[in-house]
Amino acid sequence: MKARVKILDVYSGRYSVFINENEAKKAKLHPDDLVKIEAGKKTVYGSVVISSLVGEGEIGVSRDVLQLHSFSEGETVTVVPSGTPESVRYIKKKMNGEKLRKVEIETIIKDIVDRKLRDIEISSFVTSLEINGLDMDEIAALTIAMAETGDMLDIDRKPIMDVHSIGGVPGNKTNILVVPIVAAAGLTIPKTSSRAITSAAGTADVVEVFAEVSFSLDEIKRIVEKIGACMVWGGALNLAPADDITIKAERALSIDPTGLMLASIMSKKYAMGSQYVLIDIPTGKGVKVETVDQARALARDFIELGKRLGQYVEVAITYGGQPIGHTVGPALEAREALSALMTGKGPGSLIEKATGLAGILLEMGGVAPAGMGKKMAREILESGKAWEKMKEIIEEQGGDPNIKPEEIPIGDKTYTFTAPTSGYVTAIDNRAITAIARAAGAPEDKGAGLELYVKVGEKVKEGDPLFTIHAESEARLDQAIVFARRAEPIRIEGMVLQRIGNI
Ligand SMILES: O=P(O)(O)OC[C@H]1O[C@H](OP(=O)(O)O)[C@H](O)[C@@H]1O
Ligand SMILES: Nc1ccnc(=O)[nH]1
């Protein structure tokens with residue numbers, strides 16, 4: 001059918017096109033049907049919404065669809081029912097536990113990028129990967145397809161280093177320190193991050209508190225060629241565009257299928273042209289990888305995938321048994337990370353992990369002798385060179401290099417939990433900490449999250465503060481308090497663990 005474009009101020013995160021009920025009946029179109037909109041040589045796909053917002057002979061175009069193509073008001077387009085994409089059949093193959101061929105994986109990824117697959121099919125695909133997994137052939141094909149359906153960056157300033165955590169541990173603001181330390185040593189590190197997937201704050205969510213994270217590849221090239229580093233959101237770029245789309249489905253389900261995680265991370269590193277990549281695998285109770293054996297197996301997969309991509313990969317298996325540092329949530333983590341960079345001091349877990357990872361990168365990049373990287377990293381941090389480099393990154397990314405961490409706004413609706421008894425902190429439940437921070441509004445509400453006052457092994461007296469919940473609304477605070485009371489994220493125990501009698 002021919003239709004005139006009517007631009008609607010509708011933004012839903014879905015690629016909706018609005019069609020009048022009578023038109024829809026004539027064209028045999030139904031709600032959520034996929035249609036192809038042909039405008040000259042450009043083809044865009046959208047999901048049908050039946051609506052009286054548009055008249056007969058019109059098609060309403062949402063702001064989401066406008067991101068795909070800049071339609072003009074009143075422009076005449078052709079609207080054709082699209083039918084079920086071939087890639088749905090391949091998704092069902094994976095749902096049945098079958099191995100996918102390279103071309104089938106490429107078709108799925110292209111259809112995701114072209115928005116021919118709707119949320120329901122993308123969620124089905126992600127879920128099938130969670131249940132049935134991928135072998136290394138499939139993972140390599142997925143990684144390259146994800147990278148090659150987007151833009152690739154060509155940075156002249158070499159060697160190009162990179163670091164990426166598989167995530168999963170609350171408070172993991174580590175790489176916000178690692179990047180400036182490594183760049184201050186003269187190495188190039190174009191860091192891309194995703195937003196939160198299973199945590200309460202992804203690195204992109206945290207960096208966005210004090211700098212812009214959405215840039216074009218040309219802007220990133222300019223920044224990195226100039227100062228040797230960036231900290232940007234992979235989802236803003238046309239960099240492995242399927243990645244952020246599948247991450248939205250993962251976030252909704254709070255899952256991160258191993259094969260998709262490998263491809264998600266390495267597709268971004270591949271697209272950035274990173275030559276030396278350090279992967280951080282936080283390991284412990286309540287994170288994505290719970291045992292060292294599982295971490296070693298995953299490490300072998302990252303190293304193998306890197307070989308297939310022509311990238312040198314090393315892996316650091318790190319302690320993930322409790323949150324990193326004392327803060328969880330974008331603004332709270334930003335305060336802690338910037339303070340550590342500014343002063344060279346901070347929570348032992350944060351400083352130790354950051355200098356450890358940075359030290360490995362300094363050795364991988366050839367600027368530190370074997371075994372001396374961590375010492376060099378600590379010197380760069382404590383000397384203030386890392387902070388100077390961070391100020392360059394902040395300024396180039398549109399932030400205020402004279403930022404004062406204590407001036408970063410945080411949620412002013414607070415509630416502090418105290419120790420119910422005296423004893424020792426014997427466990428901190430990572431998943432509960434994340435859930436409480438998310439209930440408080442993180443990561444969408446930047447100021448929401450938790451401040452932790454204790455770590456595992458510390459002695460507490462009855463009434464000592466354990467953690468404070470921060471929220472930006474009373475409703476969110478109440479929600480988080482209810483959850484925290486039920487979850488009891490911090491376990492306090494004496495030497496007498498249980499008294500058993502009369503059994
Ligand atoms: O913890 P969850 O949300 O599952 O994983 C996502 C986080 O892990 C990675 O961290 P980094 O960018 O390497 O610091 C991603 O970029 C993202 O920030
Ligand atoms: N699945 C992912 C985990 C961590 N980082 C990513 O970019 N992707």
Side-chain angles (χ1 to χ4, degrees), residues 126 129-130 134 139 142-143 146-147 161-180 182 189-209 213 229-237 239-272 274 277-283 286-289 298 301-302 305 315-316 318 320 323-325 328-330 333-334 337 350 353-354 357-358 361 430-431 433-435 437-438 442-443 449:
V126 170
L129 300 184
E130 174 77 358
L134 295 165
I139 293 169
L142 181 61
T143 305
M146 287 175 76
M161 317 300 295
D162 213 329
V163 62
H164 208 99
S165 175
I166 68 165
V169 59
N172 193 21
K173 59 206 66 89
T174 311
N175 287 329
I176 295 174
L177 277 68
V178 171
V179 169
V182 171
I189 183 162
K191 177 80 176 97
T192 55
S193 288
S194 77
R195 293 185 182 282
I197 300 170
T198 65
S199 68
T203 298
D205 298 311
V206 179
V207 174
E208 192 173 45
V209 170
V213 294
C230 67
M231 288 188 206
V232 297
W233 173 38
L237 312 160
L239 190 81
D243 181 41
D244 202 57
I245 296 169
T246 52
I247 281 177
K248 282 193 177 82
E250 290 181 314
R251 185 179 301 125
L253 302 164
S254 201
I255 60 173
D256 197 2
T258 302
L260 184 54
M261 174 173 68
L262 277 146
S264 165
I265 293 171
M266 293 305 286
S267 61
K268 292 193 283 281
K269 308 300 112 175
Y270 183 72
M272 292 299 281
S274 302
V277 181
L278 177 62
I279 299 294
D280 163 30
I281 301 181
T283 303
V287 288
K288 296 176 186 179
V289 177
L298 182 58
D301 287 344
F302 269 107
L305 181 55
V315 174
T318 60
I324 308 293
V328 177
E333 293 189 43
L350 176 60
K353 183 171 179 181
L357 295 182
L361 283 161
N430 281 324
R431 290 200 171 95
I433 292 290
T434 291
R438 282 186 159 197

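Just follow the structure's listing: the first ligand is 1, and inside any ligand the first atom is 1.
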Please tabulate, one line per pair, the protein nitrogen or oxygen atoms found under 3.5 angstrom from a nitrogen or oxygen of ligand 2, with distances to 0.1 Å, or say none if there are no such pairs.
from, atom 1, to, atom 2, distance (Å)
ligand 2, 1 (N), Asp256, OD1, 2.9
ligand 2, 1 (N), Asp256, OD2, 3.0
ligand 2, 5 (N), His164, NE2, 2.9
ligand 2, 7 (O), His164, NE2, 3.1
ligand 2, 7 (O), Lys268, NZ, 2.6
ligand 2, 8 (N), Ser264, OG, 2.7

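- Of the candidates Leu305, Val277, Thr143, Lys269 forms a side chain to side chain contact (heavy atoms under 4.5 Å, CB included) with just one, namely Val277.
- Near Ala196, with a cut-off below 4.0 Å to any heavy atom, the atoms of ligand 1 are 3 (O).
- The N/O atoms of Ile197, backbone and side chain alike, include one that comes under 3.5 Å of an N/O atom in ligand 1.
- The distance from the CZ atom of Phe302 to the CD1 atom of Ile265 is 4.0 Å, given to the nearest 0.5 Å.
- Geometrically, ligand 1 and Gly168 share a nitrogen or oxygen pair separated by less than 3.5 Å.
- Among Val207, Thr203, Leu357, the residue whose heavy atom lies closest to atom 10 (O) of ligand 1 is Thr203.
- The main-chain N or O of Gly202 is found under 3.5 Å from a side-chain atom of Asp205 such that the two form a donor-acceptor pair.
- Residue pairs meeting the salt bridge (Lys or Arg N to Asp or Glu O under 4.0 Å) criterion with at least one partner in residues 249-258, sequence neighbours excluded, are Asp256-Lys288.
- Within ligand 1, counting atoms from 1 as listed, the ones closer than 4.0 Å to a heavy atom of Gly167 are 1 (O), 5 (O), 8 (O).
- Of all the atoms in ligand 1, the ones that sit under 4.0 Å from a non-hydrogen atom of Gly202 are 18 (O).
- Remark: the backbone N or O of Ala240 is not paired with any side-chain donor or acceptor of Lys268 at under 3.5 angstrom.
- Rounding to the nearest 0.5 Å places OG of Ser264 at 9.0 Å from CG of Leu142.
- Between the CD1 atom in Ile324 and the CD atom in Glu333 there is a gap of 10.0 Å [rounded to 0.5 Å].
- Atoms of ligand 1 lying under 4.0 Å from any heavy atom of Asn175, numbered from 1 in the order shown and given with element: 11 (P), 13 (O), 14 (O).
- No heavy atom of Lys173 sits closer than 4.0 Å to any atom of ligand 1.
- Remark: ligand 1 and Arg195 share no N or O pair separated by less than 3.5 Å (distance only, no angle test).
- Ser193 is not listed as a side-chain neighbour of Val207, based on a closest heavy-atom distance of 4.5 Å or more.
- Below 4.0 Å from some heavy atom of Lys288 lie the following atoms of ligand 1, by number and element: 2 (P), 4 (O), 5 (O).
- A donor-acceptor contact closer than 3.5 angstrom links the side chains of Asn172 and Ser165.
- Shortest contact from atom 7 (C) of ligand 1 to any protein heavy atom: Ser194 OG, 4.2 Å.
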